[in-house]
Amino acid sequence: MSSALLEDLRARGLIFQMAGEAELPAWLDGGVRTLYCGFDPTADSLHIGSLVPLLMLRRFQLAGHRPLALVGGATGLIGDPSFKAQERQLNTPDVVAGWVDKIKNQVSRFIDFDAGESSAEVVNNLDWTAEMDVLTFLRDIGKHFSVNAMIQKESVKQRIEREGSGISYTEFTYMILQSFDFAELYKRHSCTLQLGGSDQWGNITGGIDLTRRLHGGQVFGLTMPLITKADGTKFGKTESGTVWLDPARTSPYAFYQFWLNCADDDVYRFLRYFTFLDVAEIAEVERADAERAGRPEAQAILAREVTRLVHGEEGLAAAQRITEALFSGSLDGLSADDFGQLRLDGLPASTLSRGELPETLTHMFSEAGLAASGKQVKDALGRNAVTVNNRVVGWDENAAVATCFAPEHALYGSYYLVKLGKKKYHLFEIA
RNA sequence: GGAGGGGUUCCCGAGUGGCCAAAGGGAUCAGACUGUAAAUCUGACGCGCGAGCUUCGGUGGUUCGAAUCCACCCCCCUCCA
């Protein structure tokens, strides 16, 4: 039954490497197994880079196993050097502790805590490292690690070999801390499988070795592939930066748009990675898209599914309302209440009074976040890329803010929907 | 502690007294083409509507003029002790 899980994961392209590949299928089939994946608090929210591992925990849970989400209250204080080009800035303990709480919360949305034998649990590695003293650590844990082997790990190689960078002892020790986590979870929870991104391979195998040495137990490892994009740019970034899971940082609307804008060359792969849709079903979507000319269905399905997973039905509905309002072409169908709703749904918006309008559009729009600088607004104005309630506004009107936002141009007396470029919208409410 | 190398605009990386707001590439933004794609082409890309203003690790100095020269300081890397 669980080897079926592995089959599905393989079909989705979600398996990059396995440690203990020969025994793992039988082991999973043999009963409810406990597995874990770690999430280090490097900010107050996770971003979509953590989505694959999070969904992976859920996939295992749905297959009857018991997932532990480890929040790295300890490892987050150290910093994982794996494949990082540079030493990281340390964050203060109280800051990290605050992030741990937020991330615990976030992680909890993806796994079920009330599922009988396979009920999930959130653990924090600070619980078993905080009180450990240095000498115990060095004698009981450190002794099992060979520096010779550690410096051979691919994940730290560039830090050791590359001219112009280096690695502190602190970060170098990260691998040992994470290895200790695995051994400890094995002891405490009989946890026998660790999941992670492919960059975690070195840390995972370290944990497997340590568990064997410390407790004589056989445990397993599984890594997921790095998510890449066909055009070679980094996955998970948009013009406005990282795509976060926290709706306060990335609105459900922006989140939905991110997936909707997914490239054709990536979208079917992403459907397999990021949704629970059946592989066969996804193949069917791909086939249908290929047959039909024009715009594929896949992006809409992907956006819908992932937004629902992360932001729930309500978040999805809000995102779809805004999308529908903005991209259907005409604003005529919108009522005054609809504008209010769009604001609530997370459409970027601001309120100004007629008396305090800025002197220039460049100032007004860059302030509102429609563009990074006045120069960009100027460029857009010069190319007729800006509209106010669908009326094109040009560079010659830059200083005529009051005219552009005159009452006769308003919708319902006070609403102005400004579009810059093809996709950037901002609602101004002018009282 | 010693010797050497280095810190340039978001990133990589040129620049070693004026022609430098600083080559080139990447990323990003806008336009055309489209499907709110991709590829391609065009323009922008420190800030400012503009006059102009502020940058090249930091602080002082030399000079008519400094990212470029000098002094001191901070940080990083390599090797030696």
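Residue numbers begin at 1 in each chain, while the letters A, B, ... track the order of the sequences.
- Here, B/A37 and B/A32 have their C1' atoms 16 Å apart, quoted to the whole Å.
- A straight line from CZ of A/Arg159 to P of B/C77 spans 9 Å, rounded to a whole angstrom.
- Partner assigned to B/G46 is B/C53, using Watson-Crick or G-U wobble distances below 3.5 angstrom.
- Across B/A38 and B/G50, the matching C1' atoms stand 40 Å from one another, rounded to whole Å.
- At whole-Å resolution of the value, CZ in A/Phe365 and C1' in B/A30 are 15 Å apart.
- Side chain of A/Tyr416 to main chain of A/Ala406: a donor-acceptor pair is present (N/O by atom type, distance under 3.5 Å, no hydrogens or angles).
- For the P atoms, the distance from B/C73 to B/U28 is 43 Å, rounded to whole Å.
- Ring orientation note: the planes of A/Tyr415 and A/Tyr412 are nearly perpendicular, at an angle over 60° on the 30°/60° scale.
- Nucleic acid contact class of A/Ala371 (heavy atoms, under 4.0 Å, all strands): none.
- Taking atom C1' on both B/A81 and B/C69, the two are 34 Å apart, rounded to the nearest angstrom.
- Pair assignment for B/U78: B/A3, on the basis of Watson-Crick or G-U wobble contacts that are both within less than 3.5 Å.
- Following rounding to the nearest Å, A/Lys378 (NZ) and B/C29 (C1') show an atom-to-atom distance of 15 Å.
- Using Watson-Crick or G-U wobble geometry with both donor-acceptor distances under 3.5 Å, B/U40 finds its partner in B/A32.
- Taking atom P on both B/A71 and B/A27, the two are 42 Å apart, rounded to the nearest angstrom.
- When both pairing distances are held under 3.5 Å, B/A14 makes no Watson-Crick or G-U pair with any nucleotide shown.
- Taking the P atom of each, B/G25 and B/A44 are spaced 13 Å apart, rounded to whole Å.
- Between the side chain of A/Asp8 and the backbone N or O of A/Leu5 there is no donor-acceptor pair closer than 3.5 Å.
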side-chain hydrogen bond (donor to acceptor under 3.5 Å, both in side chains) assessment of A/Glu397 paired with A/Thr403: CA-CA 8 Å; A/Glu397 293 176 77; A/Thr403 316; over 6 Å; no

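- For the C1' atoms, the distance from B/G18 to B/U68 is 11 Å, rounded to whole Å.
- Using P as the reference atom, B/A51 and B/A22 are 15 Å apart when rounded to the nearest Å.
- When each of A/Ser168 and A/Leu420 is assigned the nucleotide of RNA chain B bearing its nearest heavy atom, the one mapping closer to the 5' terminus is A/Leu420.
- Ring pair A/Phe405/A/Phe365 is perpendicular by interplanar angle, where above 60° counts as perpendicular and below 30° as parallel.
- Toward the 5' end of RNA chain B, the nearer of the two residues A/Thr360 and A/Lys229, judged by each one's closest nucleotide, is A/Lys229.
- Applying the Watson-Crick and G-U wobble criteria (two distances, each under 3.5 Å), B/U68 pairs with nothing in any strand.
- Atom pair A/Met364:CE and B/C49:P shows a separation of 14 Å (rounding to whole Å applied).
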A/Ser82 and A/Asp199: side-chain hydrogen bond (donor to acceptor under 3.5 Å, both in side chains), yes or no, with the steps? CA-CA 6 Å; A/Ser82 300; A/Asp199 59 331; 5.8 Å; no

Stepwise, does the ring pair (Phe, Tyr, Trp, His ring centres under 6.0 Å) test hold for A/Phe235 with A/Tyr273? CA-CA 13 Å; A/Phe235 169 77; A/Tyr273 290 161; 8.6 Å; no

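- The separation between A/Lys419 atom NZ and B/C29 atom P is 16 Å, rounded to whole Å.
- In this structure, the side chain of A/Asp266 engages the main chain of A/Ala230 through a donor-acceptor pair within 3.5 Å.
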Can you give one letter per nucleotide of nucleotides 35-44 of chain B, 5' to 3': B if a protein heavy atom sits under 4.0 Å from the base, S if only from the sugar-phosphate, - if neither? BBB-S--BB-

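- Per the geometry, CH2 belonging to A/Trp395 stands 17 Å off P belonging to B/G31, to the nearest Å.
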